[in-house]
There are 2 protein chains.
Amino acid sequence: MREDTTREADPGAAGGAAPKKVRADVRRNTDALLTAAAEVFLTSGVDAPVRQITTKAGVGAGTLYRHFPQRSDLIAAVFRHEVDACADAAPSLAAEYGPAEALTRWLQRLALFFATKRGLSAALHSGDSTYDSLPAYFEQRFMPALTGLIDAAAEAGEIRSDVTPDDLLVATRNLAVPEGEDDTGHTRRMIALLVDGLRYQAR
Amino acid sequence: MREDTTREADPGAAGGAAPKKVRADVRRNTDALLTAAAEVFLTSGVDAPVRQITTKAGVGAGTLYRHFPQRSDLIAAVFRHEVDACADAAPSLAAEYGPAEALTRWLQRLALFFATKRGLSAALHSGDSTYDSLPAYFEQRFMPALTGLIDAAAEAGEIRSDVTPDDLLVATRNLAVPEGEDDTGHTRRMIALLVDGLRYQAR
DNA sequence: CGACAATACGGAACAGTGTTCCGTTTAGCA
DNA sequence: TGCTAAACGGAACACTGTTCCGTATTGTCG
């Protein structure tokens, strides 16, 4: 999925960012590293060898250390990257599908996020101050995305209106922790069931 | 167990325990490794490099791996070794000093044990089954040692008689966790104060 | 007391790590 | 198009855990 964070003119991140020109190869390699690291973390954990990440990303070791001097920097960046990817999907889905369908598809996407976030949880509780801001970032990005979808669906009369974003966030996280490897089918069905429940009382 | 610290190189007085003949160099090197590992763990943590331990012990790497194939084996052995050393000090002190004085000195010794056990605590909660028996071993060795000292001091009328071994065990552990590095003086004074408190009501 | 197995020892060698360094390439601008 | 600053890549380095085997030590038996 394409990230439209290509322009650094995004003011919402960390206050007034300097209008520094980012070279194209820097962005390209940074993205490749984040994508590769996400995959490697999923299969080998966050302590995976550096070379495994750089090889998959097709970059040299120096490039990784230039952009992510500490391992925690890379881990935190991967987390943010995945949060962004998931949160950004909400508006896209809302534009493409009807309110209830958009909500369903985004919750499926969110379940995927939780499922792939498994390896990161240990690192988040390690006391490294690099991770301090991550929970807040999680909240700050997901809550508006989900609230928007819920409100739209509720206003359209497609789902009941007494459900809170917190409810769905927690429920989705819980549903995304079933057994075994190929649980995609299971989680998917459960999420669908959940939204069907939302739809039921709307009539 | 017992053969780790006591000088079992006495062929005539061997009891009916285990009639396996242990070569002298094996015992020597094992002891050296346990002593060295205890020091290294204290300064560098239980993840300290293998060479640091072998160098300090004056043995080769092969010797370490022959006796402790897994790292958890070494850690558990160090723990037992230190528990034994501390517990075995109780009878010695009881023979050399008066009841109350022996109790005081042994609690000082126990505080030292707790202070040096800091690095091990993380490993103990790692889920490795090698460590499963350690808490029981701790209890099994320390409780009789302390009970003996307390009973002797109480019967001699040197301390009050309403204190339980658990009380002192917990109190000593808590006292042994103060600030900074050179806290030996602090802990020592607090332990002494504690025993003085025991003595007070005995009059 | 001396020779001999059996056993243990030591440390070099190997296969991985994380991290740095610097010659080479590239991107952006004039 | 040329030029310069920035970024790239991967060889090189330092350090890790682990294995292997020639050598040394030990306990015993004649």
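Remember, predicted model here, so these are calculated numbers, not experimental data. To find a chain, count down the sequence lines: A is the first, B the second, and so on, and within it residues start at 1.
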Problem set entry | B/Cys86 backbone acceptor or donor facing B/Trp106 side chain under 3.5 Å | yes
Exercise. Between atom CG in B/Asp73 and atom P in D/dT18, what is the gap in whole Å?
Worked result: 11 Å
Under 3.5 Å between N/O atoms: give me all the protein pairs with nucleotides 10-12 of chain C, atom names plus distance.
| from | atom 1 | to | atom 2 | distance (Å) |
| --- | --- | --- | --- | --- |
| C/dG10 | OP2 | B/Gly60 | N | 3.3 |
| C/dG10 | OP2 | B/Thr63 | OG1 | 3.1 |
| C/dG11 | N7 | B/Ala61 | N | 3.2 |
| C/dG11 | O6 | B/Gly62 | N | 2.9 |

Enumerate the protein-to-nucleotides 26-30 of chain D contacts in which both atoms are nitrogen or oxygen and the separation is below 3.5 Å.
| from | atom 1 | to | atom 2 | distance (Å) |
| --- | --- | --- | --- | --- |
| D/dT26 | OP1 | B/Arg28 | NH2 | 2.8 |
| D/dT26 | O4' | B/Arg23 | NH2 | 3.3 |
| D/dG27 | OP1 | B/Ala24 | N | 3.0 |

For this session: Please name all residues satisfying ring pair (Phe, Tyr, Trp, His ring centres under 6.0 Å) with B/Phe114, sequence neighbours left out, ordered by chain then number.
Result: none
Problem set entry | Length of the CZ-P vector between B/Arg27 and C/dA8, whole Å | 13 Å
Exercise. Does a donor on one side chain sit under 3.5 Å from an acceptor on the other, for A/Asp73 and A/Tyr65?
Worked result: no
Exercise. Please give, in whole Å, the distance from C/dC9 C1' to B/Leu33 CG?
Worked result: 11 Å
Problem set entry | Donor-acceptor pair between B/Gln52 and B/Ser44 side chains, under 3.5 angstrom | yes
For this session: Find the distance B/Arg71:CZ to D/dT16:P and express it as a whole number of Å.
Result: 11 Å
Exercise. B/His67 versus B/Val26: any side-chain heavy-atom pair under 4.5 Å?
Worked result: yes
Exercise. So how far is it from B/Leu134 CG to B/Glu139 CD, rounded to the nearest 0.5 Å?
Worked result: 13.0 Å
Problem set entry | Between D/dC8 (C1') and A/Asp31 (CG): distance, integer Å | 16 Å
Problem set entry | A/His67 vs D/dC8: side-chain N/O to OP1/OP2 distance below 4.0 Å | yes
Problem set entry | Residue pair B/Phe113 / B/Thr172, side-chain heavy-atom distance below 4.5 Å | no
For this session: Determine yes or no for a side-chain-to-main-chain donor-acceptor pair under 3.5 angstrom, with B/Asp167 supplying the side chain and B/Val163 the backbone.
Result: no
Exercise. Taking the inter-plane angle between the rings of A/Phe138 and A/Phe79 on a 0 to 90° scale, is it parallel (under 30°), tilted (30 to 60°) or perpendicular (over 60°)?
Worked result: tilted
For this session: Have a look at B/Ala57 and say if it touches a base, only the backbone sugar-phosphate, or nothing, with a 4.0 Å heavy-atom cut-off.
Result: nothing
For this session: Nearest-nucleotide wise, let me know which of A/Val26 and B/Asp47 is further upstream toward the 5' end of DNA chain D.
Result: A/Val26
For this session: Specify the separation, in whole Å, of atom CG of B/Leu64 and atom P of D/dT19.
Result: 12 Å
